[in-house]
Amino acid sequence: IRYIDHDLGQLSQERPTLSYPAVLIDMTEFDFKTLGQNVQSAEGILKLRIVFAPYTATSNLTPAEHREKGLRFYELENAIHHSSHAAAMP
């Protein structure tokens with residue numbers, strides 16, 4: 001991941017100024033509860049938008065070396081998914 005920022009509508013620009021791959025973060029509907037001794041818990045929706053530059057076609061007709069590069073987004077998506085669950089607190 002080369003760029004991480006708040007999701008402020010960057011993708012609505014004709015040419016977003018992002019370095020790819022990028023992750024845009026949106027946090028909504030958070031409810032905070034004070035647990036005491038300067039500790040809080042929070043519950044809400046965390047949306048991670050993973051953004052890739054369009055590299056190449058990924059069809060079965062695309063040469064394997066180009067297809068592999070085009071399909072790397074699956075690996076990154078899977079890594080982010082597993083990392084987010086590993087970091088979740090009980």
Side-chain angles (χ1 to χ4, degrees):
I1 298 171
R2 298 188 63 190
Y3 183 88
I4 301 171
D5 200 358
H6 297 285
D7 189 345
L8 302 172
Q10 294 93 322
L11 297 179
S12 64
Q13 301 171 0
E14 187 173 327
R15 291 184 172 213
T17 55
L18 306 174
S19 294
Y20 301 101
V23 175
L24 301 176
I25 303 169
D26 187 24
M27 300 184 322
T28 59
E29 301 178 29
F30 268 76
D31 180 34
F32 293 90
K33 295 179 183 168
T34 300
L35 302 177
Q37 299 180 341
N38 294 323
V39 177
Q40 290 184 325
S41 69
E43 201 171 301
I45 298 171
L46 179 66
K47 180 174 151 184
L48 302 176
R49 187 178 296 216
I50 307 168
V51 186
F52 297 90
Y55 285 114
T56 185
T58 56
S59 75
N60 64 319
L61 302 177
T62 303
E65 64 274 8
H66 296 290
R67 186 174 53 244
E68 287 175 18
K69 187 175 183 180
L71 292 172
R72 284 190 191 146
F73 67 91
Y74 284 120
E75 294 171 10
L76 181 57
E77 180 183 321
N78 191 42
I80 290 171
H81 172 77
H82 286 288
S83 296
S84 67
H85 285 276
M89 298 184 71

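Side chains are part of it too, since the values below use all heavy atoms of this structure and drop only hydrogens, waters and symmetry mates.
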Indicate, with yes or no, if Phe32 and Leu35 share a hydrophobic cluster defined by side-chain heavy-atom contacts under 4.5 Å among Ile, Leu, Val, Met, Phe, Trp and Tyr.
no
Side-chain heavy atoms nearer than 4.5 Å, only ILVMFWY residues, links allowed to pass through others: does that put Ile1 and Tyr74 together?
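Same cluster.
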If you look only at distance, which donor and acceptor atoms sit under 3.5 Å apart when one is on a side chain in residues 37-47 and the other is two or more places apart or in another chain?
none

According to side-chain hydrogen bond (donor to acceptor under 3.5 Å, both in side chains), does anything in residues 22-32 pair up with another residue at least two apart or in another chain? List the pairs.
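Passing the test, one end in residues 22-32: no pairs.
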Provide the full list of side-chain hydrogen bond (donor to acceptor under 3.5 Å, both in side chains) pairs with a residue in residues 2-19, sequence neighbours left out, each pair given once.
Tyr3-Asp5, Asp7-Arg49
Can you name the residues that form a side chain to side chain donor-acceptor pair (under 3.5 Å) with Asn78, not counting sequence neighbours?
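Applying side chain to side chain donor-acceptor pair (under 3.5 Å) to Asn78 gives His82.
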Only counting residues at least two apart or in another chain, list the ones meeting side chain to side chain donor-acceptor pair (under 3.5 Å) with Arg72.
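Counting only residues at least two positions away or on another chain, Arg72 forms no side chain to side chain donor-acceptor pair (under 3.5 Å).
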In Å and rounded to the nearest 0.5 Å, what is the CD1 to CG distance from Ile25 to Leu8?
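Those atoms lie 10.5 Å apart.
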Taken to the nearest 0.5 Å, the spacing of Ile80 CD1 from Leu48 CG works out to 7.0 Å
Considering all heavy atoms, the nearest Phe52-Tyr20 contact
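Nearest pair, atom of Phe52 first, then Tyr20: C-CD2, 3.7 Å.
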Quick check: are there more than 12 heavy atoms from other residues, nucleotides or ligands sitting under 6.0 Å from CZ of Phe30?
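More than 12 heavy atoms, drawn from other residues, nucleotides or ligands, come within 6.0 Å of this atom.
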